[in-house]
Chemist: 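One structure is given below, represented as structure tokens, and several questions about it will come after.
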Amino acid sequence: MELGRNNSVSSGFSEYLKNKPFREVLPWIGGDLQTLRDTFVIDFGKSKKNKKIFFPINKIRFDKFESDYLLGFLELPEDLNSLRGFVIVTHGLGGSTKRFGLRRISRKLAKNGYCVLKLNLRGSGSARYLAKGNYCARCSSDVISAIKYFKKLINLEFKDLIKMNNLPIYGVGLSLGGTILLNACLDYDENKGEKLLDGLACVSSPLDLSSCSLCIEKSRNYIYQKWLLHRLKNQLWEGFNDEGKLLNNEKLRKKIRSLKSIREFDQKFTAPSWGFNSLEDYYIKASPIFRVQNSIKKLPKMLFIHAKDDPWVPYKDTLNLRKELIDKFTILITEKGGHNGFHSINGCWSDEVVKNWFISI
């Protein structure tokens, strides 16, 4: 495993990484099986304490509220008196809070003293009918609104604990969820240098959407793209059906059915719905790699975890962040692990790394 050069890694966390490097476990050998493991395995774990929260958000591209909401589930630790802080967890493309990996890392953090908010992005999962449209890689207005609302909520409900312990608010983004949280941090504009989050961990997150799109379109990834596109089509189908458009619009039906790639999905639906001029305009403006250097001050301490054998998202963009030599970046590049996999004999290695990193900063 390669560790990015920086000064933000505590000696304790550094020692932990040295003693606990990532090693694949049978039968999940290779990037593809690591990537697919959570799809094959049934999740028998259950969260003990969940509180449903509705986050009011504005209409896409307008500063106007039209009864749209994001849906989140707040998972509480057993002992609130030993609360370490708060963590917001976001899912990836075509996902939701029902995804195994998101639920697993949330349980781990809750068991280790964190209050965890599992957030459904616009149009995803059980939140499909709460907001019009779908999220994109730079849906910062939605995320910033939700986090602001969450901060007000915890200041009311955990007021005494926060005053005594100065509790932080962290973020964990899985795959595209990391891109979305990173973009939100870059787009956040508050007085007095306030940051949106106190720390952010990105696992297998794309930093350049164009290179990621080209990667998923490789012939070896045909099944992956078909699977992801099926989930995205379902989101569109259910959304438009809820608005009563599909029943009377055969043209729209054909447009959704004819989609052959994620690039085409982004070109015909994502980019125009979020006000981007073209697919290229969307990919450039929603790729954090092009904005990080000029907006360093807006970013909290960050952890990036990526595998060289990730079949979906090229790791080199994450590796290139090292050129910035930014003290607040901790970059872990493993030889193996797949896309948002990292399954080892002791469970999910990246989940454990994120938890220990939060404890160390």
Side-chain angles (χ1 to χ4, degrees), residues 39 57-62 64-71 90-99 120-143 175-177 179-180 183 206 208-287 311-313 339:
T39 303
I57 53 174
N58 292 332
K59 183 180 178 182
I60 294 178
R61 298 166 56 195
F62 293 96
K64 181 181 179 182
F65 175 64
E66 288 192 346
S67 300
D68 281 1
Y69 294 89
L70 300 185
L71 176 62
T90 52
H91 56 83
L93 187 67
S96 72
T97 56
K98 294 180 180 179
R99 298 297 294 168
N120 280 296
L121 298 167
R122 181 185 289 267
S124 63
S126 52
R128 169 69 269 177
Y129 302 107
L130 293 172
K132 294 181 178 67
N134 294 280
Y135 61 94
C136 74
R138 194 174 174 182
C139 53
S140 300
S141 56
D142 284 0
V143 174
S175 190
L176 190 69
T179 313
I180 289 168
N183 273 326
D208 182 347
L209 297 185
S210 183
S211 66
C212 183
S213 175
L214 292 173
C215 182
I216 202 68
E217 288 186 351
K218 292 179 180 178
S219 56
R220 75 168 310 279
N221 288 331
Y222 172 78
I223 300 298
Y224 286 138
Q225 177 160 228
K226 189 173 182 179
W227 176 62
L228 283 168
L229 193 57
H230 175 71
R231 287 160 60 180
L232 292 172
K233 283 183 179 182
N234 281 343
Q235 281 188 354
L236 278 177
W237 191 270
E238 292 169 2
F240 283 118
N241 188 48
D242 182 49
E243 295 171 26
K245 296 179 181 178
L246 277 181
L247 296 177
N248 303 311
N249 195 332
E250 186 60 28
K251 185 178 180 180
L252 184 58
R253 282 175 176 269
K254 290 180 179 179
K255 188 176 180 181
I256 293 176
R257 286 172 177 165
S258 67
L259 294 172
K260 302 298 182 186
S261 67
I262 293 173
R263 180 179 288 266
E264 192 177 357
F265 170 86
D266 286 337
Q267 181 180 28
K268 292 182 177 180
F269 287 95
T270 309
S273 68
W274 282 90
F276 295 99
N277 296 326
S278 64
L279 176 69
E280 291 71 24
D281 185 50
Y282 167 51
Y283 279 176
I284 290 172
K285 290 180 179 177
S287 296
W312 294 10
V313 181
H339 181 75

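Everything numeric here is computed off the predicted structure, so don't read it as measured data.
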Chemist: Give, for atom CD of Gln225 and atom CD1 of Ile223, the distance between the pair rounded to the nearest 0.5 Å.
Modeler: 10.5 Å
Chemist: Would you compute the distance between atom NE2 of His230 and atom CG of Leu232 and round it to the nearest 0.5 angstrom?
Modeler: 10.5 Å
Chemist: Got a sec, which pairs hit salt bridge (Lys or Arg N to Asp or Glu O under 4.0 Å) with one end in residues 209-219, sequence neighbours left out?
Modeler: Glu217-Arg263
Chemist: State which residues pass side-chain hydrogen bond (donor to acceptor under 3.5 Å, both in side chains) with His91; sequence neighbours excluded, sorted by chain then number.
Modeler: Ser124
Chemist: Measure the NZ-NZ distance between Lys226 and Lys233 for me, rounded to the nearest 0.5 Å.
Modeler: 9.0 Å
Chemist: Considering only heavy atoms from C-beta outward, does the side chain of Phe265 approach that of Leu229 to under 4.5 Å?
Modeler: yes
Chemist: Please answer whether the main-chain N or O of Ser287 pairs with a side-chain N or O of Asn183 as donor and acceptor at a distance below 3.5 Å.
Modeler: no
Chemist: Out of Leu121, Leu209, Thr90, which one pairs with Leu176 under the side chain to side chain contact (heavy atoms under 4.5 Å, CB included) rule?
Modeler: Leu209
Chemist: Compare all side-chain heavy atoms of Leu93 with those of Ile262 and state whether any distance is below 4.5 angstrom.
Modeler: yes
Chemist: So, Lys132 side chain and Asp68 main chain: donor-acceptor pair closer than 3.5 Å or not?
Modeler: no
Chemist: Apply ring-ring contact (aromatic ring centres under 6.0 Å, His included) to Tyr283 and list each qualifying residue two or more places apart in sequence or on a separate chain.
Modeler: none
Chemist: Taking all non-hydrogen atoms of both residues into account, name the closest pair between Gly125 and Asn120 and its distance.
Modeler: CA-OD1, 4.3 Å
Chemist: Within this structure, what is the CG-CH2 distance for the pair Asp266 and Trp274, rounded to the nearest 0.5 Å?
Modeler: 13.0 Å
Chemist: At what distance, to the nearest 0.5 angstrom, does NZ of Lys254 lie from CZ of Arg257?
Modeler: 9.0 Å
Chemist: I want to check something: taking the side chain as every heavy atom from C-beta on, are Gln235 and Arg128 in contact at a cut-off of under 4.5 Å?
Modeler: yes
Chemist: When you compare the side chain of Thr39 with that of Arg99, does any pair of heavy atoms fall below 4.5 Å?
Modeler: yes
Chemist: Any side-chain heavy-atom pair from Asn221 and Pro311 closer than 4.5 angstrom?
Modeler: yes
Chemist: Is any side-chain heavy atom of Cys139 closer than 4.5 Å to a side-chain heavy atom of Ile180?
Modeler: yes
Chemist: Tyr224: what forms a ring-ring contact (aromatic ring centres under 6.0 Å, His included) with it, not counting sequence neighbours?
Modeler: Trp312
Chemist: I'd like to check the salt bridge (Lys or Arg N to Asp or Glu O under 4.0 Å) partners of Lys260; sequence neighbours left out, ordered by chain and number.
Modeler: none
Chemist: If you define the side chain from C-beta out and look only at heavy atoms, does anything of Asn134 sit under 4.5 Å from Phe269?
Modeler: no
Chemist: Ile57 versus Ser141: any side-chain heavy-atom pair under 4.5 Å?
Modeler: no
Chemist: Return the set of residues passing salt bridge (Lys or Arg N to Asp or Glu O under 4.0 Å) with Asp142 (not counting sequence neighbours), or none when no residue passes.
Modeler: Arg122
